[in-house]
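In this text, all values refer to a predicted model and were calculated from it rather than measured experimentally.
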Amino acid sequence: MSPLQPQAILVLPHLRIQNANAIASPLTHGFPSITAFTGVMWALERKLAQAGVPLQLHGVGVVCHHHQEQVTQGYVRSFNLTRNPVDKDGSTAAIVEEGRMHLQITLVLAVSEKRTPGTPAALVQGNQAQLDEWAAKAGHILAGMRVAGGSVLPSRPVPGKRVRPWMAIVPEDPVAAEKAFRQWRRQWLPGFALVGRDDLLAQRLQDLLTTQPDATLLDSWLHAARFNYEPVVPDGGTPAPDGQVPWADPWRPKGSGWVVPIPVGYAALTPTHAPGAVRNARDATVPLRFVESVYALGEWISPHRLTHLGQLLWHAEADEAKGLYRCRNAYKPAHADDANANAAARTDALDEWDDAEAYDYT
(Lines give C-alpha, C1' and ligand atoms only; values in the text may rest on other atoms or scores of the structure.)
Protein backbone atom coordinates (compact mmCIF):
# COMPACT_ATOMS: atom_id res chain seq x y z
CA MET A 1 0.00 0.00 0.00
CA SER A 2 1.61 3.27 -1.09
CA PRO A 3 1.28 6.21 1.32
CA LEU A 4 -1.03 9.06 0.40
CA GLN A 5 0.50 12.24 -0.96
CA PRO A 6 0.21 14.77 1.89
CA GLN A 7 -1.44 18.09 1.12
CA ALA A 8 0.17 19.76 4.13
CA ILE A 9 2.30 19.10 7.18
CA LEU A 10 1.43 19.71 10.81
CA VAL A 11 4.51 20.35 12.94
CA LEU A 12 4.43 20.07 16.73
CA PRO A 13 7.87 21.45 17.58
CA HIS A 14 10.03 20.94 20.67
CA LEU A 15 7.54 18.94 22.72
CA ARG A 16 8.76 18.33 26.26
CA ILE A 17 7.75 14.81 27.29
CA GLN A 18 8.22 13.73 30.90
CA ASN A 19 8.46 10.07 31.97
CA ALA A 20 7.94 8.54 28.53
CA ASN A 21 8.29 4.78 28.18
CA ALA A 22 11.97 3.96 27.60
CA ILE A 23 11.39 0.21 27.09
CA ALA A 24 10.32 0.03 23.46
CA SER A 25 10.11 -3.78 23.23
CA PRO A 26 11.20 -6.93 25.09
CA LEU A 27 14.68 -6.60 23.51
CA THR A 28 15.32 -2.86 23.14
CA HIS A 29 15.31 0.26 25.27
CA GLY A 30 16.52 3.84 25.11
CA PHE A 31 13.75 5.44 23.00
CA PRO A 32 10.01 4.79 22.54
CA SER A 33 8.92 2.56 19.69
CA ILE A 34 7.85 4.22 16.46
CA THR A 35 4.47 2.52 16.97
CA ALA A 36 3.99 4.75 20.02
CA PHE A 37 4.09 7.81 17.77
CA THR A 38 1.77 6.33 15.15
CA GLY A 39 -0.60 5.64 18.04
CA VAL A 40 -0.38 9.29 19.07
CA MET A 41 -1.09 10.27 15.47
CA TRP A 42 -4.28 8.20 15.31
CA ALA A 43 -5.47 9.33 18.74
CA LEU A 44 -4.90 12.96 17.76
CA GLU A 45 -6.83 12.46 14.51
CA ARG A 46 -9.83 11.10 16.42
CA LYS A 47 -9.78 14.00 18.87
CA LEU A 48 -9.45 16.50 16.03
CA ALA A 49 -12.52 14.97 14.38
CA GLN A 50 -14.45 15.36 17.64
CA ALA A 51 -13.38 19.01 17.72
CA GLY A 52 -14.65 19.57 14.17
CA VAL A 53 -11.24 19.73 12.47
CA PRO A 54 -11.50 17.81 9.14
CA LEU A 55 -7.91 16.57 8.95
CA GLN A 56 -6.60 13.09 8.20
CA LEU A 57 -3.14 12.20 9.55
CA HIS A 58 -1.37 9.40 7.68
CA GLY A 59 2.34 9.71 8.42
CA VAL A 60 4.58 10.80 11.28
CA GLY A 61 8.21 11.86 11.49
CA VAL A 62 10.18 12.05 14.74
CA VAL A 63 13.10 14.39 15.43
CA CYS A 64 14.75 14.08 18.85
CA HIS A 65 16.46 17.17 20.28
CA HIS A 66 17.24 15.89 23.77
CA HIS A 67 16.80 12.66 25.71
CA GLN A 68 17.55 11.69 29.29
CA GLU A 69 16.97 8.08 30.27
CA GLN A 70 16.26 7.64 33.98
CA VAL A 71 19.02 5.17 34.84
CA THR A 72 21.87 4.87 37.29
CA GLN A 73 25.22 5.85 35.83
CA GLY A 74 28.12 3.44 35.57
CA TYR A 75 29.40 0.49 33.55
CA VAL A 76 26.24 -1.47 34.39
CA ARG A 77 23.12 0.67 34.37
CA SER A 78 19.72 -0.02 35.88
CA PHE A 79 16.46 1.89 35.71
CA ASN A 80 15.48 4.26 38.49
CA LEU A 81 12.39 2.64 39.98
CA THR A 82 9.74 4.08 42.30
CA ARG A 83 8.78 2.65 45.65
CA ASN A 84 5.01 2.35 45.75
CA PRO A 85 3.00 3.13 48.92
CA VAL A 86 2.47 0.29 51.38
CA ASP A 87 -0.54 -1.98 51.02
CA LYS A 88 -3.66 -1.52 53.11
CA ASP A 89 -2.40 -4.14 55.55
CA GLY A 90 0.92 -2.30 55.97
CA SER A 91 3.05 -4.71 53.94
CA THR A 92 5.58 -3.50 51.39
CA ALA A 93 4.19 -3.09 47.88
CA ALA A 94 5.93 -4.77 44.99
CA ILE A 95 8.27 -2.77 42.76
CA VAL A 96 6.95 -2.58 39.21
CA GLU A 97 9.86 -2.82 36.77
CA GLU A 98 9.52 0.05 34.31
CA GLY A 99 11.82 2.34 32.37
CA ARG A 100 11.24 6.06 31.97
CA MET A 101 12.94 8.88 30.12
CA HIS A 102 12.54 12.59 29.48
CA LEU A 103 12.38 13.76 25.86
CA GLN A 104 12.32 16.89 23.77
CA ILE A 105 11.04 15.98 20.32
CA THR A 106 9.45 17.44 17.22
CA LEU A 107 6.60 15.55 15.54
CA VAL A 108 6.01 16.12 11.82
CA LEU A 109 2.61 14.84 10.65
CA ALA A 110 1.53 14.34 7.04
CA VAL A 111 -1.92 15.86 6.61
CA SER A 112 -4.71 15.65 4.07
CA GLU A 113 -8.19 17.11 4.22
CA LYS A 114 -11.39 15.12 4.75
CA ARG A 115 -13.69 17.17 2.57
CA THR A 116 -17.30 16.55 1.65
CA PRO A 117 -18.26 17.01 -2.03
CA GLY A 118 -19.23 20.58 -2.89
CA THR A 119 -17.29 22.26 -0.09
CA PRO A 120 -14.27 24.44 -0.92
CA ALA A 121 -10.81 23.12 -0.11
CA ALA A 122 -9.14 24.56 2.97
CA LEU A 123 -5.62 23.15 2.51
CA VAL A 124 -4.61 25.66 -0.14
CA GLN A 125 -2.08 28.46 -0.39
CA GLY A 126 -3.38 31.76 0.96
CA ASN A 127 -5.51 30.18 3.69
CA GLN A 128 -2.87 30.54 6.39
CA ALA A 129 -5.31 31.89 8.98
CA GLN A 130 -7.29 28.64 8.88
CA LEU A 131 -4.10 26.58 9.03
CA ASP A 132 -2.86 28.52 12.06
CA GLU A 133 -6.19 27.96 13.81
CA TRP A 134 -6.09 24.20 13.19
CA ALA A 135 -2.44 23.98 14.27
CA ALA A 136 -3.18 25.84 17.51
CA LYS A 137 -6.14 23.55 18.20
CA ALA A 138 -4.01 20.45 17.54
CA GLY A 139 -1.36 21.71 19.96
CA HIS A 140 -4.00 22.41 22.61
CA ILE A 141 -5.47 18.92 22.23
CA LEU A 142 -2.07 17.24 22.33
CA ALA A 143 -1.21 19.06 25.56
CA GLY A 144 -3.80 16.92 27.34
CA MET A 145 -2.71 13.61 25.80
CA ARG A 146 -0.03 11.07 26.57
CA VAL A 147 2.91 10.70 24.19
CA ALA A 148 4.59 7.29 24.50
CA GLY A 149 3.16 7.04 28.01
CA GLY A 150 4.68 10.37 29.05
CA SER A 151 3.11 13.68 30.02
CA VAL A 152 3.36 16.71 27.73
CA LEU A 153 4.81 19.73 29.53
CA PRO A 154 4.26 23.34 28.40
CA SER A 155 6.91 24.64 26.03
CA ARG A 156 8.58 27.86 27.10
CA PRO A 157 9.42 30.49 24.45
CA VAL A 158 13.13 30.27 23.66
CA PRO A 159 15.01 32.66 21.35
CA GLY A 160 15.87 30.89 18.10
CA LYS A 161 13.28 28.13 18.52
CA ARG A 162 9.84 27.96 16.97
CA VAL A 163 7.83 26.27 19.73
CA ARG A 164 4.27 26.93 18.58
CA PRO A 165 2.52 24.33 16.38
CA TRP A 166 2.29 25.32 12.74
CA MET A 167 1.03 24.03 9.40
CA ALA A 168 2.29 24.52 5.86
CA ILE A 169 1.07 23.46 2.43
CA VAL A 170 3.17 20.88 0.57
CA PRO A 171 3.62 22.09 -3.04
CA GLU A 172 2.51 19.68 -5.73
CA ASP A 173 5.56 20.39 -7.88
CA PRO A 174 8.41 18.08 -6.72
CA VAL A 175 11.06 20.77 -7.16
CA ALA A 176 9.06 23.30 -5.17
CA ALA A 177 8.31 20.67 -2.52
CA GLU A 178 12.01 19.92 -2.05
CA LYS A 179 12.79 23.63 -1.80
CA ALA A 180 10.09 24.07 0.85
CA PHE A 181 11.38 21.04 2.75
CA ARG A 182 14.89 22.53 2.85
CA GLN A 183 13.39 25.57 4.57
CA TRP A 184 11.43 23.46 7.05
CA ARG A 185 14.20 21.08 8.01
CA ARG A 186 16.55 23.77 9.32
CA GLN A 187 13.99 24.53 12.04
CA TRP A 188 14.53 21.00 13.39
CA LEU A 189 18.24 21.60 14.04
CA PRO A 190 19.99 20.68 16.21
CA GLY A 191 18.41 17.26 16.42
CA PHE A 192 18.36 13.77 14.95
CA ALA A 193 15.62 12.17 12.87
CA LEU A 194 14.85 8.46 13.13
CA VAL A 195 14.74 6.71 9.75
CA GLY A 196 14.46 3.07 8.71
CA ARG A 197 17.47 1.11 7.47
CA ASP A 198 16.13 -2.27 6.37
CA ASP A 199 18.81 -2.25 3.70
CA LEU A 200 21.55 -2.47 6.33
CA LEU A 201 19.91 -5.53 7.86
CA ALA A 202 19.80 -7.30 4.50
CA GLN A 203 23.42 -6.35 3.78
CA ARG A 204 24.54 -7.60 7.20
CA LEU A 205 22.88 -10.95 6.51
CA GLN A 206 24.68 -11.27 3.17
CA ASP A 207 28.00 -10.53 4.87
CA LEU A 208 27.36 -13.07 7.62
CA LEU A 209 26.44 -15.79 5.14
CA THR A 210 30.00 -15.71 3.80
CA THR A 211 31.31 -17.07 7.11
CA GLN A 212 28.12 -18.52 8.65
CA PRO A 213 26.08 -20.35 6.00
CA ASP A 214 23.27 -21.05 8.47
CA ALA A 215 22.86 -17.41 9.57
CA THR A 216 19.33 -15.99 9.71
CA LEU A 217 17.85 -12.50 9.80
CA LEU A 218 17.68 -12.78 13.58
CA ASP A 219 21.40 -13.53 13.69
CA SER A 220 22.15 -10.50 11.53
CA TRP A 221 19.93 -8.26 13.70
CA LEU A 222 21.62 -9.44 16.89
CA HIS A 223 25.03 -9.04 15.25
CA ALA A 224 24.20 -5.47 14.20
CA ALA A 225 22.80 -4.63 17.64
CA ARG A 226 26.11 -5.15 19.43
CA PHE A 227 29.78 -4.23 19.14
CA ASN A 228 31.90 -6.93 17.54
CA TYR A 229 35.49 -6.15 18.48
CA GLU A 230 38.31 -8.10 16.91
CA PRO A 231 41.99 -7.52 16.12
CA VAL A 232 42.37 -5.34 13.06
CA VAL A 233 45.37 -5.90 10.79
CA PRO A 234 46.65 -2.65 9.24
CA ASP A 235 46.39 -2.15 5.49
CA GLY A 236 49.04 -4.11 3.62
CA GLY A 237 49.37 -6.67 6.39
CA THR A 238 52.40 -4.94 7.93
CA PRO A 239 52.53 -5.16 11.72
CA ALA A 240 52.41 -2.06 13.89
CA PRO A 241 55.81 -0.54 14.79
CA ASP A 242 55.38 -1.41 18.46
CA GLY A 243 54.17 -4.93 17.68
CA GLN A 244 50.70 -4.26 19.11
CA VAL A 245 47.58 -5.04 17.13
CA PRO A 246 44.66 -2.63 17.64
CA TRP A 247 41.17 -3.89 18.39
CA ALA A 248 38.14 -2.36 16.69
CA ASP A 249 34.73 -3.19 15.29
CA PRO A 250 35.21 -3.63 11.52
CA TRP A 251 31.44 -3.55 11.05
CA ARG A 252 31.26 -0.01 12.45
CA PRO A 253 33.95 2.02 10.65
CA LYS A 254 34.25 5.75 11.11
CA GLY A 255 31.38 7.52 9.40
CA SER A 256 29.11 4.45 9.32
CA GLY A 257 26.36 6.33 11.16
CA TRP A 258 24.39 5.97 14.36
CA VAL A 259 22.62 2.68 13.61
CA VAL A 260 20.35 1.20 16.28
CA PRO A 261 18.03 -1.82 16.64
CA ILE A 262 14.39 -0.76 16.80
CA PRO A 263 10.94 -2.38 16.94
CA VAL A 264 8.78 -1.45 13.96
CA GLY A 265 5.50 -3.26 14.59
CA TYR A 266 3.93 -6.61 15.39
CA ALA A 267 3.47 -10.07 13.90
CA ALA A 268 0.43 -12.22 14.65
CA LEU A 269 0.75 -15.31 16.84
CA THR A 270 -2.88 -16.44 16.67
CA PRO A 271 -5.88 -16.05 14.36
CA THR A 272 -8.17 -13.08 14.86
CA HIS A 273 -10.67 -13.58 17.68
CA ALA A 274 -14.18 -12.16 17.47
CA PRO A 275 -15.01 -9.11 19.60
CA GLY A 276 -15.74 -10.13 23.16
CA ALA A 277 -14.46 -13.69 22.68
CA VAL A 278 -11.37 -13.13 24.85
CA ARG A 279 -11.96 -12.49 28.53
CA ASN A 280 -10.53 -9.30 30.08
CA ALA A 281 -9.71 -7.71 26.72
CA ARG A 282 -9.17 -3.97 26.84
CA ASP A 283 -11.88 -3.29 24.24
CA ALA A 284 -14.60 -5.91 23.84
CA THR A 285 -16.04 -4.21 20.73
CA VAL A 286 -13.13 -4.84 18.33
CA PRO A 287 -11.44 -8.06 17.13
CA LEU A 288 -8.41 -9.22 19.12
CA ARG A 289 -5.20 -10.91 18.02
CA PHE A 290 -2.15 -11.92 20.03
CA VAL A 291 1.08 -10.60 18.55
CA GLU A 292 4.82 -10.31 19.14
CA SER A 293 7.25 -7.52 18.25
CA VAL A 294 8.84 -7.15 14.82
CA TYR A 295 12.38 -5.77 14.75
CA ALA A 296 14.48 -3.92 12.21
CA LEU A 297 17.35 -1.44 12.10
CA GLY A 298 17.03 2.33 12.24
CA GLU A 299 19.45 5.21 12.02
CA TRP A 300 19.59 8.61 13.67
CA ILE A 301 20.63 11.24 11.13
CA SER A 302 20.67 15.01 11.10
CA PRO A 303 17.58 16.48 9.37
CA HIS A 304 19.77 18.49 6.99
CA ARG A 305 20.80 15.19 5.34
CA LEU A 306 17.19 14.51 4.30
CA THR A 307 16.27 15.64 0.80
CA HIS A 308 12.48 15.37 0.83
CA LEU A 309 9.58 14.89 3.21
CA GLY A 310 9.02 11.22 2.35
CA GLN A 311 12.39 10.27 3.85
CA LEU A 312 11.29 11.52 7.26
CA LEU A 313 7.78 10.07 7.50
CA TRP A 314 6.80 6.67 8.89
CA HIS A 315 3.63 5.01 7.57
CA ALA A 316 1.74 2.11 9.11
CA GLU A 317 0.67 -0.81 6.97
CA ALA A 318 -1.28 -3.97 7.75
CA ASP A 319 -1.28 -7.33 5.98
CA GLU A 320 -4.11 -9.40 7.42
CA ALA A 321 -3.18 -12.49 5.40
CA LYS A 322 0.40 -12.56 6.69
CA GLY A 323 -0.54 -11.25 10.11
CA LEU A 324 1.99 -8.43 9.80
CA TYR A 325 1.38 -4.98 11.23
CA ARG A 326 4.42 -2.77 10.87
CA CYS A 327 5.65 0.75 10.16
CA ARG A 328 7.75 1.57 7.11
CA ASN A 329 9.96 4.49 6.23
CA ALA A 330 11.01 5.49 2.71
CA TYR A 331 14.52 6.70 3.53
CA LYS A 332 17.15 5.69 0.96
CA PRO A 333 20.71 6.86 1.62
CA ALA A 334 22.92 8.38 -1.00
CA HIS A 335 25.66 6.14 -2.38
CA ALA A 336 28.56 5.96 0.05
CA ASP A 337 31.10 6.69 -2.71
CA ASP A 338 29.29 9.81 -3.92
CA ALA A 339 31.51 12.25 -2.05
CA ASN A 340 30.52 15.11 -4.31
CA ALA A 341 26.87 14.70 -3.37
CA ASN A 342 27.71 14.68 0.33
CA ALA A 343 29.84 17.80 -0.05
CA ALA A 344 27.06 19.50 -1.98
CA ALA A 345 24.58 18.61 0.77
CA ARG A 346 26.83 20.18 3.37
CA THR A 347 27.26 23.29 1.23
CA ASP A 348 23.50 23.58 0.72
CA ALA A 349 22.97 23.29 4.48
CA LEU A 350 25.43 26.11 5.14
CA ASP A 351 23.83 28.25 2.45
CA GLU A 352 20.42 27.68 4.05
CA TRP A 353 21.70 29.01 7.35
CA ASP A 354 23.29 32.04 5.66
CA ASP A 355 20.20 32.84 3.59
CA ALA A 356 17.65 32.00 6.31
CA GLU A 357 14.40 33.90 6.08
CA ALA A 358 12.92 35.68 9.09
CA TYR A 359 10.57 33.49 11.13
CA ASP A 360 8.42 34.13 14.18
CA TYR A 361 10.09 31.82 16.68
CA THR A 362 7.63 32.45 19.51
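For the pair P6 and V111, the minimum side-chain heavy-atom distance is 4.5 Å or more. Put simply, the side chain of L55 reaches to within 4.5 Å of the side chain of M167, judged on heavy atoms. Contact annotation: the side chain of I9 approaches that of W166 to within less than 4.5 Å [non-hydrogen atoms, C-beta and beyond]. By the 4.5 Å heavy-atom criterion applied to side chains, W188 and V11 are counted as neighbours.
Residues W221 and Y295 place their aromatic rings such that the two centres sit under 6.0 Å apart. Here the two rings, on W258 and F192, have centers that are under 6.0 Å apart. When ring centroids are compared, H223 and W251 come within the 6.0 Å threshold.
Judged purely by distance below 3.5 Å, without hydrogens or angles, the side chains of H102 and E69 never pair a donor atom with an acceptor atom. S25 and T28 form a side-chain donor-acceptor contact under 3.5 Å, judged by distance and modelled atom types alone. In the model, Y325 has no side-chain atom that pairs as donor or acceptor with a side-chain atom of E317 under 3.5 Å. A donor-acceptor contact closer than 3.5 angstrom is absent between the side chains of Q203 and D199.
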### Message
Assess the residue pair C327 and T35 against the criterion (side-chain contact (heavy atoms from CB on, under 4.5 Å)); give the C-alpha distance rounded to whole Å, side-chain angles, the decisive distance to 0.1 Å, and a yes or no.
### Response
CA-CA 7 Å; C327 300; T35 56; 4.0 Å; yes
### Task
Applying salt bridge (Lys or Arg N to Asp or Glu O under 4.0 Å), run through R326 and D198 and close with a yes or a no.
CA-CA 13 Å; R326 64 158 299 176; D198 292 355; 3.4 Å; yes
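Salt-bridge check for R289 with E320: passed, with a basic side-chain N closer than 4.0 Å to an acidic carboxylate O. A salt bridge is defined here as a Lys NZ or Arg NE, NH1 or NH2 lying under 4.0 Å from an Asp or Glu carboxylate O, and K47 with E45 fails to meet this definition. Under the 4.0 Å criterion applied to side-chain N and carboxylate O atoms, D132 and K137 are not assigned as salt-bridge partners.
Seen from the ring of W184, R182 does not count as a face-on cation partner, given the 6.0 Å and 45° thresholds.
Residues in residues 247-268 take part in these salt bridge (Lys or Arg N to Asp or Glu O under 4.0 Å) pairs, two or more places apart or across chains: D249-R252.
In K179, the NZ atom is not crowded: 12 or fewer heavy atoms of neighbouring residues, nucleotides or ligands sit closer than 6.0 Å. The 12-atom threshold is not exceeded at NE2 of H140, counting heavy atoms of other residues, nucleotides or ligands nearer than 6.0 Å. Within 6.0 Å of CZ on R226 lie more than 12 heavy atoms contributed by other residues, nucleotides or ligands.
Relative orientation of the H14 and H65 rings is parallel, given thresholds of 30° and 60° on the angle between their planes.
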